[in-house]
Visitor: 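Handing you a structure now.
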Amino acid sequence: MKIHEYQAKNLFSSYGIPVEKYVLCNVAAEAAKAYDDMAMERVVVKAQVLTGGRGKAGGVKLAKNREDVARHAETILGMAIKEFPVTKVIVSEAVNIGSEYYVSYVIDRNTKSVILMMSAEGGMDIEEVAEKTPEKIFKFPIDPLIGIPDYLARKFAFELFKDAAQVNQMAAILQKLYKLFVDKDASLAEINPLVLTNEGNLIAIDAKMTFDDNALYRQPQIHALFEPTEAEKTEAYAKEKGFSFVHLDGEIGCMVNGAGLAMATMDMIKLYGGTPANFLDIGGSSNPNKVIDAMTLLLKDPKVKVVLINIFGGITRCDDVASGLLTAFEQLKTDMPVVVRLTGTNEKEGREMLKGTHFRVAETMGEAVRMAVTAP
Amino acid sequence: MKIHEYQAKNLFSSYGIPVEKYVLCNVAAEAAKAYDDMAMERVVVKAQVLTGGRGKAGGVKLAKNREDVARHAETILGMAIKEFPVTKVIVSEAVNIGSEYYVSYVIDRNTKSVILMMSAEGGMDIEEVAEKTPEKIFKFPIDPLIGIPDYLARKFAFELFKDAAQVNQMAAILQKLYKLFVDKDASLAEINPLVLTNEGNLIAIDAKMTFDDNALYRQPQIHALFEPTEAEKTEAYAKEKGFSFVHLDGEIGCMVNGAGLAMATMDMIKLYGGTPANFLDIGGSSNPNKVIDAMTLLLKDPKVKVVLINIFGGITRCDDVASGLLTAFEQLKTDMPVVVRLTGTNEKEGREMLKGTHFRVAETMGEAVRMAVTAP
Amino acid sequence: MSILINESTRLIVQGITGRDGGFHTQKMKAYGTNVVGGTSPGKGGTEVLGIPVFNTVYEAVEKTQANTSIIFVPARFAADAIKEAADAGIGLIICISEGMPTLDVIDAYRFVQMKGAMLIGPNCPGLMSPGKSLVGILPAQIFKQGNIGVISRSGTLTYEVVYHLTANGMGQSSAIGMGGDPVVGLYFRELLEMLQNDPETEAIVMIGEIGGNAEEQAAEYVKNHVTKPVVGFIAGQAAPPGKQMGHAGAIISGGGGTAAEKIAAMEAAGIKVAKEPSEIPAMLKAAMK
Amino acid sequence: MSILINESTRLIVQGITGRDGGFHTQKMKAYGTNVVGGTSPGKGGTEVLGIPVFNTVYEAVEKTQANTSIIFVPARFAADAIKEAADAGIGLIICISEGMPTLDVIDAYRFVQMKGAMLIGPNCPGLMSPGKSLVGILPAQIFKQGNIGVISRSGTLTYEVVYHLTANGMGQSSAIGMGGDPVVGLYFRELLEMLQNDPETEAIVMIGEIGGNAEEQAAEYVKNHVTKPVVGFIAGQAAPPGKQMGHAGAIISGGGGTAAEKIAAMEAAGIKVAKEPSEIPAMLKAAMK
């Protein structure tokens with residue numbers, strides 16, 4: 001789950017991580033008033049939007065007077081960045097940048113731990129830095145039994161700074177950001193850039209955080225910040241029903257048991273020249289209600305021309321799956337062609353039961369996909 | 001540092017550990033009013049005093065009406081238990097005791113960890129249980145890296161209980177008490193007895209906590225509860241001066257550098273037939289001000305008849321010690337006989353400097369102690 | 001042989017009194033797995049399917065000499081269950097539970113590592129040494145004892161592949177579903193090493209998917225250390241970036257973890273990568289010649 | 001030989017720029033200890049007494065191949081310093097700092113143990129292998145190289161005993177002040193084992209005091225495993241119960257930890273216990289015959 005920069009900065013502040021002054025605004029007039037209230041000459045107007053690439057898209061503008069602030073806010077609040085409409089901006093203090101650093105904590109699959117990443121190449125796209133000059137990125141896996149005691153925070157801070165004053169600030173930021181990360185079940189906590197001001201202070205002038213969906217049940221404060229897109233709303237609805245659903249843009253609706261098999265089904269549709277309309281993993285049972293819910297979801301998409309049901313009957317036998325499908329489609333009034341592929345335990349019995357019904361029955365994945373691609 | 005039962009129970013409550021209802025009272029009238037307010041038939045009036053053995057001394061009384069409460073409170077508030085005058089009582093709910101258990105966390109020197117001790121022999125003197133039926137005490141060292149996760153709390157709880165309802169209560173108490181212990185730098189947290197009521201609830205009806213003096217600097221909430229005795233006030237005063245001081249009851253005042261040597265000095269005084277007036281470790285320097293402070297402390301005790309200064313000159317050379325003593329005693333106007341034993345680096349020079357002065361100079365500890373015991 | 005589980009596996013089921021725990025206990029027992037006990041706090045002393053239930057894993061281990069544990073408790077209690085098993089001396093812990101917070105997995109994994117135990121999962125179907133032992137929720141009837149080792153990030157895709165193998169007369173030595181989360185226990189590298197060292201295993205199928213770079217690292221390992229033929233399959237070629245495809249770990253992020261990269265790395269390491277699962281038996285036969 | 005420290009000791013001083021750290025660094029260096037570096041965060045790159053100062057122990061170890069560290073930082077920072085040393089790969093850590101909270105010592109000790117290092121102290125004077133290396137605040141001039149091993153819970157009492165030994169021509173192989181806190185690192189048992197195994201050590205003096213039951217356990221160990229003569233001394237026979245005698249660990253509590261119990265246990269194990277420190281040389285001589 002993603003949150004906005006201003007929300008991440010609110011969290012930073014509550015953990016004592018220094019951020020610049022900022023005011024959240026919904027309309028240009030609020031931005032102009034914020035400029036007056038802040039009583040600073042130079043400010044930055046920044047789009048608050050749940051995607052990256054905001055700077056390149058013109059969503060971040062420096063302003064030196066009231067008029068510029070209002071004008072930039074007006075423009076930015078009218079924009080859409082990567083299809084995300086901008087509905088909020090922050091007007092924030094423009095600090096005197098001495099130098100810029102990169103700091104993040106992220107889950108690392110390989111070390112099976114949280115890792116700290118730091119670089120003196122702040123303000124850049126860190127993936128680009130990682131690709132071109134990997135030696136400029138420090139990576140430290142954090143032992144969850146140990147966390148970041150003072151000695152480790154100092155060790156890390158000394159990688160980027162020499163002066164004790166900055167080292168102490170940096171060490172404190174590293175400890176607080178890690179605490180925030182762990183307390184709130186984050187999957188990413190990134191400061192890019194972390195700025196050393198000309199006055200010698202370290203300040204986070206951008207803030208990015210994402211959170212572990214599996215942990216939201218114990219993070220009500222974070223969960224409350226969730227602003228789902230339309231696609232995410234559908235995904236969340238599907239999740240409530242016990243499905244995993246991802247909307248794609250094609251014509252063949254898929255219903256599969258198992259995530260890996262569902263991906264493989266999508267892949268084969270493409271391989272055979274078709275376009276998948278979605279990813280849909282309905283999990284392991286043959287409950288007719290589940291099938292009805294899944295079909296309802298698929299039929300909502302007007303682009304869907306055919307539905308491919310790909311079931312591997314393992315623990316649930318194929319004859320039970322077939323009877324579940326028959327029950328479900330008694331209640332579903334649809335002319336949509338439905339290809340069913342059933343493999344696994346009692347597959348012959350299952351296929352036999354579906355013959356002569358609404359369903360077009362296939363034996364192998366290849367056959368089923370070919371039937372779906374060439375339907376109706 | 002010790003605290004009262006009611007203070008420990010306040011801490012228990014703030015950590016969610018169940019305790020019975022109680023009201024703190026300073027005079028008998030308050031106790032009677034507390035009884036009215038509590039609107040319970042049976043209550044217990046308990047002396048609040050920083051020493052053990054309260055029950056045997058008559059400091060705990062059951063009362064079934066207002067008059068009994070007032071009478072018991074009156075009696076108990078007039079008592080002294082092991083020389084501690086009772087100035088406070090609590091009037092507390094008399095719960096319906098089903099069975100009694102013992103639970104404590106304590107620092108264990110051998111495993112170098114906090115250990116959990118539990119027993120089904122609650123309400124008894126645990127040291128007696130440990131001596132007579134050690135198999136009735138469960139001991140578990142706690143790994144500080146792990147603490148007490150749910151699975152350990154359950155494991156421990158199942159040692160005393162079978163029923164899931166009690167196991168869950170017990171597990172929660174064990175986790176909370178450990179958290180309290182660690183959060184507050186305790187050296188002991190004891191519930192004796194922990195009561196299983198007839199209604200099936202676990203309640204701490206006594207509570208004892210002591211705290212690590214070395215950690216009080218970071219425990220202002222605990223430090224604020226410190227109620228020093230007269231002896232402890234003197235010890236605290238000595239500590240401020242950089243000394244370790246313990247008042248004893250004899251006639252020979254001691255001033256020694258080093259705790260081990262100071263104990264050995266006391267021991268030898270007894271061995272040679274004298275009585276030490278105190279333990280005093282003045283630490284490692286020969287600063288004349290320190291000597292003045294230490295002598296002032298010793299001379300406050302009217303029983304002191306002679307002072308024995310036992311210095312091992314190591315890093316600080318004996319000649320420097322001698323010159324420090326001479327400077328100090330120029331300012332101290334006293335007729336008290338002072339025996340000085342100086343050994344170590346430059347000992348001859350040091351002793352030479354003290355000859356013909358106020359000091360009686362000895363070469364060995366044995367000689368010095370003999371001189372002190374037979375003085376004047 | 002086979003890896004990780006066999007006839008000497010003595011299994012306890014953590015959460016044996018739950019719906020899934022009970023159902024799959026029955027299946028595993030029916031397959032012949034030596035299920036020696038189960039745990040369910042507060043239900044110690046009872047029995048499920050004739051199997052003794054204990055309050056704690058400690059007690060279960062003491063009474064049954066269990067060496068392996070399978071976990072069916074809800075995700076929010078799974079980390080605690082894993083740690084209890086490791087602390088009680090279980091050497092191999094299989095966590096079926098889906099939906100564990102990643103930081104819980106990281107904590108539990110570190111704990112298991114500290115205790116010198118091994119973890120499979122979470123969010124996995126478990127594993128199977130056909131003819132010997134089933135520890136998981138895999139459909140036993142599609143397996144056949146043989147000499148192909150199968151390791152996979154996906155459950156049903158494993159079944160699909162095993163189904164084709166069995167249908168083509170190619171039995172399996174061991175099949176392991178490693179789990180679909182970003183952080184799980186034993187993974188490609190460790191399991192490749194075990195299969196390479198297992199005398200019964202003659203060829204290996206590795207089934208990967210988008211997300212992370214474990215397949216690339218595995219390919220590197222295969223190139224340098226695995227002499228047995230390896231055939232691969234990668235799911236998610238048609239997946240869009242930035243979207244979790246069912247598994248929390250199946251996500252292309254920051255421009256990394258695509259199927260194309262994985263397939264390229266595997267092919268560069270000499271691993272034949274199938275386009276569809278049904279091709280795998282023939283590819284294996286060719287590679288084993 | 002000798003134990004723990006010798007000519008190959010490469011020492012760093014944590015807190016070298018502090019008053020005590022600087023003073024004792026000079027003393028140790030003057031004695032011939034190989035002080036290879038010091039640490040003081042923010043003062044890296046400077047020098048103290050010609051010794052390079054580093055910002056972190058990691059850097060100090062990397063640049064100097066230090067294997068031993070002595071800690072002079074204030075008590076509230078001592079646990080962190082101990083952990084840094086252990087994490088940076090120091091094998092022997094001596095913590096002089098007095099007044100550490102006991103839970104800090106417990107944490108730090110567990111950490112040191114996890115890293116496979118050894119801790120001496122806190123609240124200790126350090127140790128000495130006469131003629132080879134001094135790592136601590138002990139007064140070097142009273143020592144003499146020889147074959148008596150001395151282990152003690154007290155600083156000045158150690159000096160007192162060593163003074164008598166030296167005055168009687170009995171040199172020391174190693175003398176270790178273990179520290180006066182209730183929880184400290186290496187203690188009687190481990191050190192008795194080391195001294196028993198040290199070919200240079202021919203007899204042992206163990207100096208205990210009231211509090212705890214380590215002397216009793218040590219006596220048991222001596223009885224079963226130590227073949228060299230052991231002479232003991234226990235301070236605190238005249239101490240009242242319930243009062244800390246200077247050392248946080250020197251307290252008779254709950255009816256345990258009295259001098260009488262310790263002396264009885266030691267004598268029962270065949271250890272001769274001196275009544276005054278000055279008796280020790282003669283008792284040793286008698287025991288070594």
Side-chain angles (χ1 to χ4, degrees), chain B residues 107-110 112-114 126-127 130-131 143-145 181-182 185-187 212-218 231 235 244-250 256-264 266-271 275-276 279-281 284 311-317 343-345 364-366 369, chain D residues 23-24 27 75-76 99-107 109-111 114 137-139 141-142 152-160 163 180-185 207 209-214 217 233 235-240 243-250 254-256 259 275-278:
Chain B
I107 303 285
D108 180 59
R109 295 171 184 229
N110 295 326
K112 303 185 204 293
S113 64
V114 177
I126 197 66
E127 278 146 12
E131 184 137 328
D143 183 338
L145 282 175
F181 187 100
V182 172
D185 277 299
S187 41
D212 181 357
D213 293 339
N214 281 345
L216 289 179
Y217 75 88
R218 64 185 180 195
E235 287 162 22
S244 275
F245 178 84
V246 176
H247 179 257
L248 301 170
D249 221 31
V256 190
N257 68 330
L261 195 60
M263 275 188 272
M266 287 166 39
D267 293 349
M268 279 183 68
I269 289 171
K270 276 218 162 170
L271 189 66
T275 55
F279 166 96
L280 173 57
D281 168 13
I311 302 287
F312 189 92
I315 295 292
T316 310
R317 299 190 320 253
T343 311
T345 315
T364 66
M365 260 175 88
V369 170
Chain D
F23 177 77
H24 290 287
K27 295 272 175 198
R76 64 185 69 184
M100 276 180 75
T102 304
L103 289 179
D104 280 11
V105 182
I106 286 173
D107 276 356
Y109 174 78
R110 177 69 179 88
F111 188 90
M114 183 171 71
I137 61 173
L138 304 92
Q141 63 280 4
I142 63 166
S152 172
R153 286 172 64 182
S154 152
T156 39
L157 201 47
T158 308
Y159 312 159
E160 179 80 24
Y163 180 81
D181 279 357
V183 176
V184 295
I207 304 164
E209 62 192 30
I210 53 167
N213 67 346
Q217 295 192 339
F233 181 78
Q237 299 186 60
K243 284 288 183 186
Q244 272 182 13
M245 305 306 279
H247 291 154
K275 289 208 160 46
E276 336 184 353
S278 59

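Letters A, B, ... mirror the listed sequences (proteins, then strands); counts begin at 1.
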Visitor: Below 4.5 Å from any heavy atom of chain B, which atoms of D:Arg153 appear? Answer side chain, backbone, both or neither.
Guide: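 Contact with chain B involves the side chain of D:Arg153 alone.
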Visitor: So which part of B:Met266 gets closer than 4.5 Å to some heavy atom of chain D, the side chain, the backbone, both or neither?
Guide: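 The answer is both parts of B:Met266.
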Visitor: Rounded to the nearest 0.5 Å, how far apart are CD of D:Gln217 and CZ of B:Arg109?
Guide: 11.5 Å
Visitor: Quick one: what part of D:Leu138 sits under 4.5 Å from any heavy atom of chain B, side chain, backbone, both or neither?
Guide: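 Looking at D:Leu138, just its backbone touches chain B.
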Visitor: With D:Tyr163, which residues qualify under ring pair (Phe, Tyr, Trp, His ring centres under 6.0 Å), at least two apart?
Guide: B:Phe312
Visitor: What option among D:Pro139, D:Ala75, D:Ala239 has the most heavy-atom pairs under 4.5 Å with chain B?
Guide: D:Pro139
Visitor: Against chain B, label D:Phe111 side chain, backbone, both or neither, depending on which of its atoms sit under 4.5 Å from a heavy atom there.
Guide: neither
Visitor: Can you give me the closest heavy-atom contact between B:Arg218 and D:Pro101, atom names plus distance?
Guide: NH2-CB, 3.3 Å
Visitor: Could you have a look at D:Ala259, D:Ala248, D:Gly249, D:Ser152 and say which one has the most heavy-atom pairs with chain B under 4.5 angstrom?
Guide: D:Gly249
Visitor: What's the shortest heavy-atom distance between B:Ala264 and D:Leu157, and which atoms?
Guide: CB-CD1, 3.8 Å
Visitor: Using a cut-off of under 4.5 Å for heavy-atom pairs, which of B:Asp143, B:Leu271, B:Thr364 has the most such pairs with chain D?
Guide: B:Asp143
Visitor: Where do D:Leu103 and B:Asp212 come nearest, in terms of heavy atoms and distance?
Guide: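 In this case the closest contact between D:Leu103 and B:Asp212 is N-OD2, 4.4 Å.
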Visitor: Checking heavy atoms, do the side chain of B:Ala262, its backbone, both or neither come under 4.5 Å from chain D?
Guide: neither
Visitor: Out of D:Gly236, D:Gly212, D:Pro277, return the one with the most heavy atom pairs under 4.5 angstrom to chain B.
Guide: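 Of D:Gly236, D:Gly212, D:Pro277, D:Gly236 has the most heavy-atom pairs under 4.5 Å with chain B.
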Visitor: Taking side chain as everything from C-beta outward and backbone as N, CA, C, O, which of these in B:Asp185 sits under 4.5 Å from a heavy atom of chain D? Side chain, backbone, both or neither.
Guide: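 Looking at B:Asp185, backbone and side chain both touch chain D.
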Visitor: Counting heavy atoms not belonging to B:Glu131, are there more than 12 under 6.0 Å from its CD?
Guide: no
Visitor: Look at B:Val182, B:Asn214, B:Leu145 and state which one has the largest set of heavy-atom pairs under 4.5 Å with chain D.
Guide: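 Winner by heavy-atom pair count: B:Asn214.
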Visitor: Using heavy-atom distances under 4.5 Å, tell me whether B:Phe181 contacts chain D through its side chain, its backbone, both, or neither.
Guide: both
Visitor: Highest number of heavy-atom pairs under 4.5 Å with chain B: which of D:Gly185, D:Gly180, D:Ser278, D:Gly211?
Guide: D:Gly211
Visitor: Out of curiosity, B:Leu261 CG to D:Tyr159 OH, how far, rounded to the nearest 0.5 Å?
Guide: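 Answer rounded to 0.5 Å: 11.0 Å.
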Visitor: With only heavy atoms counted, which part of B:Val114 is less than 4.5 Å from chain D, the side chain, the backbone, both or neither?
Guide: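 Both backbone and side chain of B:Val114 come within 4.5 Å of chain D.
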Visitor: Who among D:Thr158, D:Ile137, D:Asp104, D:Ile210 has the most heavy-atom pairs with chain B under 4.5 Å?
Guide: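 With the most close heavy-atom pairs to chain B, the winner is D:Asp104.
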Visitor: Can you see which heavy atom on B:Ala231 is nearest to which on D:Lys243, and at what distance?
Guide: CB-NZ, 4.5 Å
Visitor: In terms of heavy-atom proximity below 4.5 Å to chain B, should D:Val105 be classed as side chain, backbone, both, or neither?
Guide: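 No part of it gets close to chain B.
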Visitor: Between B:Ile107 and D:Thr102, which heavy-atom pair has the shortest distance, and what is it?
Guide: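 The pair with the smallest heavy-atom distance is CG2-CG2, 3.7 Å.
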Visitor: Check each atom of B:Lys112 against the heavy atoms of chain D and say whether the ones under 4.5 Å are side chain, backbone, both or neither.
Guide: both
Visitor: What residue, out of D:Gln237, D:Glu160, D:Glu209, has the most heavy-atom pairs lying under 4.5 Å from chain B?
Guide: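 Most heavy-atom pairs under 4.5 Å with chain B: D:Glu160.
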Visitor: Quick one: ring pair (Phe, Tyr, Trp, His ring centres under 6.0 Å) partners of D:His247, sequence neighbours excluded?
Guide: none
Visitor: Ignoring hydrogens, what is the shortest heavy-atom contact between D:Gly246 and B:Ser244? Give both atom names and the distance.
Guide: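 It is CA-OG, 3.4 Å.
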Visitor: Show the numbers, then the answer: is there a side-chain contact (heavy atoms from CB on, under 4.5 Å) between D:Met245 and B:Val246?
Guide: CA-CA 7 Å; D:Met245 305 306 279; B:Val246 176; 4.0 Å; yes
